[in-house]
Amino acid sequence: MNTVQVIGIDLGGTAIKLGCFAPDGTCYQSLTVPTPQPATPEAVLIAIVEAIAQIRKNVNNIVAIGLGTPGPVDGTGKIAKVAINLAGWQDVPLADWLEEKTGLPVILANDANCAGLGEAWLGAGRRFQNLILLTLGTGVGGAIILNGELFVGHQGAAAELGLISLNFDGPICNSGNRGSLEQYTSVQAIRRDTGLEPAELAEKALAGDEKAIEYWQEYGKLLGIGLANLIYVLTPEAIILGGGISAGADLFLPTMKAELEQRVLFSSREGLEILIAELGNQAGMIGAAKLAFQKFVRIEDQIDS
């Protein structure tokens, strides 16, 4: 018997990535198509439906679709509330539209949540049932995995880890908060503070530039303070750092770990592992597929018989 398969989709501002996955994580085919510009809901829907049709040409055992969107999703996993960098998205019933066009059940989740689920399934988090993913990119996003399942909260908006407060009087954040973790540890924060891209600042530090080295040490300290708050609440087995900035982790991990050791009771961090994400920009697509398996495919149907 053919094992069931699902399609995982990662909807981004410039590209839409699709992959066809088996329950063991094997990706049988993948496809990347450009995101239509302007990326209106209607144009994106057409592009996704065409791409799905292409993948289904030779495969008849696809049973569900998971899709990661760049923004918050409602509690039912059916409506994209808003989508960052996409034009005209407001309460778009994307799952219903796709179900109508494809005849397959569809679940949506925020892209950072999908990345977390992807890392938990096939990446750096595969040994753990309870973990946090923090994506250090243009903004700071996150995901919480509890007992192997994505935690999204009752309205679907949980795990905005970058928006926790570090400094009650700090720089104003788009969220309305001030001094959020994102305001100190995102690409935008690094640009604001140094006028450089993270990769340039990392190069300088590696070449021995004192100021750059100090900046990364301070960065690690601030990241450690933010993570200390999260560890006290969630006591995860692992924290996975992803996003572009994580490539320079060697520069800030020592001060980050020192901060955690100083601030977090041993009982709250015993055995805690700090890891770097492994799946790169495939994580979202992989996690979206896992979401579809968890939501729509019974465990016994996921086992080849």
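Between Trp121 and Phe21, the two ring planes are tilted [angle within 30° to 60°].
Shown here are the salt bridge (Lys or Arg N to Asp or Glu O under 4.0 Å) partners of Arg56, two or more places apart in sequence or in another chain: there are none. Here Glu197 pairs with Arg191 under the salt bridge (Lys or Arg N to Asp or Glu O under 4.0 Å) rule; sequence neighbours left out. Annotation: side-chain hydrogen bond (donor to acceptor under 3.5 Å, both in side chains) contacts of Arg127 (sequence neighbours excluded): Glu273. Residues satisfying the salt bridge (Lys or Arg N to Asp or Glu O under 4.0 Å) criterion with Asp111, sequence neighbours excluded, are absent altogether. A search for ring pair (Phe, Tyr, Trp, His ring centres under 6.0 Å) contacts involving Tyr219 returns Trp216, Phe252, not counting sequence neighbours.
In terms of heavy-atom proximity, Arg263 sits nearest to Ala228 at CB-CB, 4.2 Å. In terms of heavy atoms, Asn113 sits closest to Gly142 at OD1-O, 3.5 Å. Heavy atoms only, all atoms of each residue included: Arg178 and Phe168 are closest at CB-O, 3.8 Å. The two residues Ala212 and Leu201 make their nearest non-hydrogen contact at CB-O, 3.7 Å.
Arg126 has a carboxylate O that lies under 4.0 Å from a charged side-chain N of Glu278, or vice versa, which qualifies the two as a salt bridge.
Interatomic distance, Asn110 CG to Thr69 OG1, rounded to the nearest 0.5 Å: 6.5 Å. To the nearest 0.5 Å, atoms CG (Leu206) and NZ (Lys204) are separated by 13.0 Å. Here the CG-CD1 distance, from Leu161 to Ile132, works out to 6.5 Å after rounding to the nearest 0.5 Å. The distance from the SG atom of Cys114 to the CG atom of Asp10 is 7.5 Å, given to the nearest 0.5 Å.
Applying the 6.0 Å contact sphere to CD of Glu100 captures no more than 12 heavy atoms from other residues, nucleotides or ligands. Residue Asn85 qualifies as open at atom CG: its count of foreign heavy atoms under 6.0 Å is 12 or below.
In this structure, Arg192 contributes its side chain and Gln183 its backbone to a donor-acceptor pair below 3.5 Å. Between the Asp209 side chain and the Lys211 main chain, a donor and an acceptor come within less than 3.5 Å of each other. A donor-acceptor pair is defined here as one N or O able to donate and one able to accept, closer than 3.5 Å; no such pair exists between the side chain of Ser246 and the backbone of Ala249. Remark: the backbone N or O of Thr3 is paired with a side-chain donor or acceptor of Asn61 at under 3.5 angstrom. Checking side-chain atoms of Ser268 against main-chain N and O of Val264 turns up no donor-acceptor pair under 3.5 Å. Counting only distance, with no hydrogens or angles, the side chain of Thr26 and the backbone of Ala22 share no donor-acceptor pair below 3.5 Å. At least one donor-acceptor pair under 3.5 Å links the side chain of Arg269 to the backbone N or O of Glu261. The main-chain N or O of Ile240 is never found under 3.5 Å from a side-chain atom of Glu119 such that the two would form a donor-acceptor pair. The main-chain N or O of Val82 is never found under 3.5 Å from a side-chain atom of Gln90 such that the two would form a donor-acceptor pair. Within the 3.5 Å criterion, the main-chain N or O of Asn130 finds a donor-acceptor partner in the side chain of Glu237.
Legend: salt bridge (Lys or Arg N to Asp or Glu O under 4.0 Å) pairs involving residues 66-87, not counting sequence neighbours, sorted by first then second residue: Lys78-Glu99.
Side-chain contact between Lys17 and Ile9 is absent, with no heavy-atom pair separated by less than 4.5 Å.
Using a 3.5 Å distance cut-off with no hydrogens or angles, the side chains of Ser165 and Asn177 do pair a donor with an acceptor. The closest side-chain donor-acceptor pair between Asn167 and Tyr184 falls under 3.5 angstrom.
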Intermediate values then yes/no, side chain to side chain contact (heavy atoms under 4.5 Å, CB included), Leu98 and Ile52: CA-CA 10 Å; Leu98 272 177; Ile52 290 169; 4.1 Å; yes
